[in-house]
> 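Here it is: the structure, laid out below.
Because only heavy atoms are used, hydrogens play no part in the values below, and waters and symmetry mates are left out as well, while side chains stay in.
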Amino acid sequence: MPLQKVRFAEGVPEVFRASLQDIRRELEVPAAFPPEVTAAALAAAGNARLPELDRTDLPFVTIDPPDSMDLDQAVHIERATDGYIVYYAIADVAAYVQPGDPIDAEARRRGETLYAPDKRTPLHPPELSEAAASLLPDQVRPAVLWTMTLDATGEGTAVTCERALVKSRAKLNYAGVQKDLDAGTAPEPLQLLREVGKLREQRELDRGGVNLPIPDQEVVTSNHGWGLEFRAPLPVEGWNAQISLLTGMAAAVLMMKGKIGILRTLPESHDDLRRKLGNTAKALGIEWPDATTYAQFIHGLDPKVPAHAAMLAACTVLFRGAGYSAFDGSVPEQPQHAAMKAEYAHVTAPLRRLVDRWTSEICVALSAGNEVPAWVRESMDEIPKVMDDADRRAHAYERSIVSMVEAGLVADQVGAEFDGVITEVDERENGRGVVALTKIAIEGRVTGTDLPLGQQARVRLVEADIAKRTVAFELLR
């Protein structure tokens with residue numbers, strides 16, 4: 001099963017270091033920034049193009065993991081007479097990066113920030129992404145400011161998108177905010193974050209949308225060997241994510257109306273996918289009635305339960321096939337993101353994702369009734385391919401790291417027997433398939449005669465190679 005976020009709780013064990021280096025070499029993961037890019041970032045940091053509009057009066061806060069420094073988003077929510085006003089400030093990378101400059105050229109080569117247990121490979125030099133352009137507390141920053149009006153049900157009714165100076169009041173973390181909310185001591189804007197977040201979650205469920213609360217997974221070591229622990233996301237992480245999703249949907253509305261933009265799209269999933277996920281659910285002992293939809297099933301999972309956490313990780317397959325659709329003059333034939341059951345665009349993470357700089361420029365222009373900048377129009381057709389290539393590398397990077405970790409978890413157990421369920425069988429060769437272990441969140445190749453699809457099976461581990469990043473089993477019965 002794909003482990004979306006693998007983290008080593010006590011540093012990277014030596015046994016994995018060489019393999020991580022091999023993965024980076026194979027996938028050509030960028031190393032340090034070239035000197036000319038760093039020099040350009042340092043120069044840009046002191047020469048930002050600042051907007052005239054000053055909204056430093058809004059008491060924004062950021063909410064991120066404690067060690068994050070690349071702060072893309074800051075939020076403030078107010079109650080209105082018949083609903084809410086959501087202010088969402090997004091770091092304005094274009095205030096520092098010029099089309100065609102060394103920073104832009106390098107960002108187009110990278111596409112997005114890559115994450116590994118031991119290091120982050122950023123899209124932009126840290127002189128910008130973790131300093132000058134980041135929405136750090138008590139610093140005046142240029143931002144793309146989204147102002148969204150919601151009714152009492154959480155449905156959006158109006159949106160504007162404009163450049164403004166903003167100032168975050170505090171760098172908050174999820175655990176601290178959740179603690180304050182639970183204790184009833186959180187200030188009103190954070191209480192409204194919970195209120196709006198819950199309303200948006202209900203609207204998501206009502207339309208049949210899916211938003212996966214993927215757990216972090218920590219690989220821990222002790223005198224007893226390897227172990228895998230899940231850290232379920234806190235409720236506030238989901239509420240915060242709903243604000244980002246709200247903004248992405250608002251951006252899509254602007255783009256569809258203006259007939260220009262770059263949408264994040266995903267076709268509908270097929271019956272074979274439901275069958276595969278149904279087999280995984282069976283392997284994990286989770287009931288999935290035939291009449292229950294994807295959305296209903298996923299919303300009923302509790303990421304604090306290890307089996308449910310593993311199921312949520314497996315459900316990320318629902319998002320495979322997602323891509324970017326650029327259009328200018330007419331809207332795409334299939335504009336929806338099927339998992340969200342809505343049109344949607346990426347606009348809220350420009351420090352970490354290249355396309356967000358283009359979509360932000362488009363939305364600022366459309367909101368003001370202005371022409372989209374020529375450099376955006378001239379290059380926007382290239383961005384889907386750049387992002388697709390970057391996404392493929394990011395997914396391959398993640399899969400390789402996951403496979404390495406899975407092999408490490410059972411490397412000393414070759415020959416041992418495990419219980420599992422056969423979740424896939426090769427249609428062309430019945431003797432080859434995939435088994436999901438029942439007590440460990442690991443999938444691996446399995447061989448045997450007449451593999452019993454969807455059935456309990458006893459298997460023997462025949463290979464667990466960290467260097468090759470492979471785990472393989474043979475069917476016993």
> Can you tell me if Arg24 and Tyr397 form a side-chain donor-acceptor pair at under 3.5 Å?
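Yes, side-chain donor-acceptor contact under 3.5 Å.
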> Just jot down the ring pair (Phe, Tyr, Trp, His ring centres under 6.0 Å) partners of His337, sequence neighbours excluded, or say none.
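With neighbours one apart ignored, the set is Phe319.
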> Filter on ring-ring contact (aromatic ring centres under 6.0 Å, His included), then keep only pairs touching residues 357-386, sequence neighbours left out; what's left?
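Checked against ring-ring contact (aromatic ring centres under 6.0 Å, His included) - neighbours excluded - the pairs reaching residues 357-386 are Trp358-Trp375.
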> Of all residues at least two apart in sequence or in a different chain, which pass the side chain to side chain contact (heavy atoms under 4.5 Å, CB included) check with Asp101?
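Asp101: side chain to side chain contact (heavy atoms under 4.5 Å, CB included) contacts with Val97, Gln98, Ile103, Asp104.
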> Listed by chain and number, what are the salt bridge (Lys or Arg N to Asp or Glu O under 4.0 Å) partners of Arg200, not counting sequence neighbours?
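Listed in chain order: nothing, the list is empty.
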> List the residues meeting salt bridge (Lys or Arg N to Asp or Glu O under 4.0 Å) with Glu188, not counting sequence neighbours, and say none if there are none.
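Counting only residues at least two positions away or on another chain, Glu188 forms no salt bridge (Lys or Arg N to Asp or Glu O under 4.0 Å).
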> Look at the rings of Phe60 and His76 and say which category their plane angle falls in: under 30° parallel, 30 to 60° tilted, over 60° perpendicular.
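Geometry flag for His76 against Phe60: perpendicular rings.
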> Run the salt-bridge test on Asp391 and Arg393 with the 4.0 Å N-O cut-off and return the result as yes or no.
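Salt bridge between Asp391 and Arg393, a charged N being under 4.0 Å from a carboxylate O: no.
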> Could you state the interatomic distance from NZ (Lys179) to CG (Leu234), rounded to the nearest 0.5 Å?
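Going from the NZ atom of Lys179 to the CG atom of Leu234 covers 12.5 Å.
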> Any ion pair linking Glu195 and Arg79 (charged N to carboxylate O, less than 4.0 Å)?
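A salt bridge is present here (some side-chain N lies under 4.0 Å from a carboxylate O).
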> Any donor-acceptor pair under 3.5 Å linking the side-chain atoms of Thr348 with those of Ser244?
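Side-chain D/A pair, Ser244 to Thr348: present.
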> Under the ring-ring contact (aromatic ring centres under 6.0 Å, His included) definition, can you give me all pairs with a residue in residues 112-171, not counting sequence neighbours?
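Counting only pairs at least two positions apart or across chains, no ring-ring contact (aromatic ring centres under 6.0 Å, His included) contact touches residues 112-171.
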> Could you please spell out the steps behind the side chain to side chain contact (heavy atoms under 4.5 Å, CB included) verdict for Glu130 and Arg120?
CA-CA 12 Å; Glu130 298 182 10; Arg120 181 172 61 246; 2.4 Å; yes
> Inspect the contact between Arg469 and Glu26 and indicate whether a charged nitrogen and a carboxylate oxygen are less than 4.0 angstrom apart.
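Answer for the salt bridge query: yes.
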> Going by atom types alone, do Thr113 and Arg353 pair a side-chain donor with an acceptor below 3.5 Å?
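Looking only at side-chain atoms, Arg353 and Thr113 do not form any donor-acceptor pair under 3.5 Å.
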